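Have a look at the structure below before the remarks.
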Number of protein chains: 2
Amino acid sequence: MAEIPKTKKKRDAEATKSRILMAAKSEFAKRGLGGARVDEIAELAEANKRMLYHYFGSKEDLFRTVLEEAYLDIRKAERELNLEDLSPTDALETLVRFTWQYYLDNPEFITLVNSENLHGARHIKSLDNLPETMRGLVGMVDEILVKGQATGEFRSGIDAAQLNITIAAIGYYYLTNRHTGSFLFGRDLMEEKALDERLAFNIETVLRLVRADAQGN
Amino acid sequence: MAEIPKTKKKRDAEATKSRILMAAKSEFAKRGLGGARVDEIAELAEANKRMLYHYFGSKEDLFRTVLEEAYLDIRKAERELNLEDLSPTDALETLVRFTWQYYLDNPEFITLVNSENLHGARHIKSLDNLPETMRGLVGMVDEILVKGQATGEFRSGIDAAQLNITIAAIGYYYLTNRHTGSFLFGRDLMEEKALDERLAFNIETVLRLVRADAQGN
DNA sequence: TAAAGAAGTAACTAGTTAGTGCATTAAAGG
DNA sequence: CCTTTAATGCACTAACTAGTTACTTCTTTA
């Protein structure tokens, strides 16, 4: 008799590790670090809990790994936008659109970051490659701002780090608080029309913030 | 012999209830709904855990009460700003400053809201007085916008709800992510100078967003 | 092909946690 | 006073949870 074909290869360390990581991302995103259950992650990954401890050491170490991957991934995607090839205005609009869409496509990112902040950022503090990549992003935005000033599109004196924070904030806040927001405002903030409106508003916000006015400031 | 004066009266239902509520706010803010410990709340309140269940029924009901108080409190404080008495520009700047300072003075508000969103806003959904107060705030901002258009200070076509969300977002995001932010940016986002800079940037953001430009839009 | 090591499993442990049963004690009205 | 009712305290339990022990099974390579 023919063997039942298994989706899961009998022995594959990399695949198991990767399944655990994906399951962990999903579970941590759904319930936070504290609310996540190690048994649930193992089951979701179709792996044994022992393997989770074998590969990742502890629940918190697993969380750290998930977080690191999440941060590296968004920074990588940002770099791949090649903003330096666009006009300053287009570059900023593209960054606002990207940030918004990234949060929509990767909702776990927001929950992971929230969870990490609830715990005083103690997990990422040992990951010293993360500040480097953040400096890269701020540097990129700063270049856009300098270029925009040179062309006269933008005013001077804008802090790149603050602008970065604001671009993240206006999307992040809307999405992280979508449940309370939908209830308090009495309408579904996640329906397509509402999302489109919010994105348009955010682009307007950022462009008006940087644009040189009639007096050139 | 004179009786030892006790700070705590022997029997005082209201006082005990209130101490439990304050303790719960603090514990929920520090650890979130899932991470908070009922025993910890009782101890912090110098009350017995039995009393907590006597007065509030369950951990989740207690959380709901804490949340309701928090929302009612910020909305009340906003109303007391009497923004309608200020010029449109001053009114918006005041609202931005207030929102920022409220988050700074009441850091538990942010954590409570985050926790509630992690749980799909399921606790506040039974509190139907909250959407009313939110409508009040949006209405107030809308009046400011209408008045500002009339005086020519503001451009037309600004959505009051979106503006509200943005005013909250630019402060909330910075503060809720202060731990990861401080680490990623490599500097303490909570030192006085940094806070002042952020507030100034936020006021600039909002005023440029609403201001009528040279062409009157 | 044999042996060694890596991958995988099930059952268990020690500690924790929300919630409760029941007895006791203080206050307030008659 | 004395009775009733509400406030309070202690000790318990049933369920849960991160992490581990002791073992089996597969794969690779010398």
Side-chain angles (χ1 to χ4, degrees), chain A residues 3-28 30-67 115-116 118-119 122-123, chain B residues 3-28 30-67 115-116 118-119 122-123:
Chain A
E3 274 185 35
I4 298 150
K6 306 261 293 182
T7 27
K8 201 169 132 188
K9 269 176 64 186
K10 268 282 167 64
R11 297 248 158 156
D12 191 333
E14 279 311 305
T16 304
K17 224 169 147 174
S18 152
R19 282 203 317 281
I20 292 173
L21 219 45
M22 283 195 302
K25 191 193 266 190
S26 161
E27 173 76 357
F28 283 135
K30 206 178 293 170
R31 312 195 196 286
L33 169 59
R37 296 291 160 246
V38 171
D39 292 86
E40 189 65 28
I41 294 172
E43 196 182 343
L44 213 82
E46 298 181 82
N48 191 280
K49 186 164 57 152
R50 198 65 195 79
M51 293 287 85
L52 188 157
Y53 283 95
H54 183 246
Y55 291 127
F56 297 99
S58 70
K59 185 185 180 184
E60 303 227 343
D61 283 339
L62 176 57
F63 183 71
R64 192 194 328 277
T65 305
V66 167
L67 254 180
S115 206
E116 178 64 355
L118 182 63
H119 293 89
R122 71 165 191 266
H123 303 93
Chain B
E3 275 185 35
I4 299 150
K6 304 262 293 184
T7 27
K8 202 170 132 189
K9 269 176 64 185
K10 270 282 168 63
R11 294 247 159 152
D12 191 334
E14 279 311 305
T16 304
K17 225 168 145 174
S18 153
R19 284 204 315 282
I20 291 174
L21 219 44
M22 284 194 303
K25 191 193 266 188
S26 161
E27 173 75 359
F28 283 134
K30 206 179 292 169
R31 312 197 196 284
L33 169 59
R37 295 294 159 243
V38 170
D39 292 87
E40 189 65 28
I41 294 172
E43 196 182 344
L44 214 84
E46 297 181 84
N48 192 280
K49 186 166 56 153
R50 201 69 195 72
M51 300 310 337
L52 189 156
Y53 283 96
H54 183 60
Y55 291 127
F56 297 100
S58 72
K59 186 187 180 185
E60 304 226 344
D61 283 339
L62 176 57
F63 182 71
R64 192 197 325 277
T65 305
V66 167
L67 254 181
S115 207
E116 177 65 355
L118 182 63
H119 293 88
R122 71 166 191 265
H123 303 92

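Residue numbering restarts at 1 for every chain, and letters A, B, ... go by the order of the sequence lines. Keep in mind that what you see is a predicted model, and the values were worked out from it rather than measured.
- Atom CD in E43(A) sits roughly 15 Å away from atom C1' in dT9(C) (whole-Å rounding).
- Distance, N48(B) CG to dT24(C) P: 16 Å, rounded to whole Å.
- Contact annotation for A36(B): backbone-only contact, meaning every heavy-atom pair under 4.0 Å involves sugar-phosphate atoms and none involves a base.
- With rounding to whole Å, K49(B) atom NZ is found 14 Å from dT16(C) atom P.
- F28(A) has its side chain out of reach of L67(A): every pair of non-hydrogen atoms, C-beta onward, lies at least 4.5 Å apart.
- In this structure, OH of Y53(B) is placed 6 Å from P of dA18(C), rounded to the nearest angstrom.
- Rounding to whole angstrom units, CD1 of residue I41(A) and C1' of dT17(D) are separated by 12 Å.
- Between the C1' atom of dG9(D) and the CD atom of E46(B) lies a distance of 15 Å, rounded to the nearest Å.
- Within the 4.5 Å cutoff, no side-chain heavy atoms of R64(B) are placed close to those of F56(B).
- Of the candidate nucleotides dA10(C), dG19(D), dA7(C), dA7(C) has the atom lying nearest to any side-chain atom of H54(A).
- Within the structure, a side-chain polar atom (N or O) of R37(B) is placed less than 4.0 Å from OP1 or OP2 of dT17(C).
- For the pair D61(B) CG and dA18(C) P, the computed distance is 14 Å after rounding to whole Å.
- Proximity note for K59(A) (side chain, C-beta onward) versus dG19(C), dA18(D), dC10(D): the nearest is dA18(D).
- You'll find the side chain of L62(A) stays beyond 4.5 Å of the side chain of Y55(A), heavy atoms only.
- Closest to the side chain of Y55(A), out of dT17(C), dG19(D), dA7(C), is dA7(C).
- Put simply, CG on D39(B) is 13 Å from C1' on dC12(D), counting in whole angstrom units.
- In this structure the side chain of E60(A) reaches within 4.5 angstrom of the side chain of R122(A), judged on heavy atoms.
- Remark: side-chain polar atoms of S26(A) are not paired, donor with acceptor, to backbone N or O of M22(A) under 3.5 angstrom.
- Checking dG19(C), dC10(D), dA10(C) against the side-chain heavy atoms of R50(B) singles out dC10(D) as nearest.
- The side chain of M51(A) lies closest to dG8(C), out of dT20(C), dA18(D), dG8(C).
- For T16(A) and dG8(C), the shortest distance from a side-chain N or O to OP1 or OP2 is below 4.0 Å.
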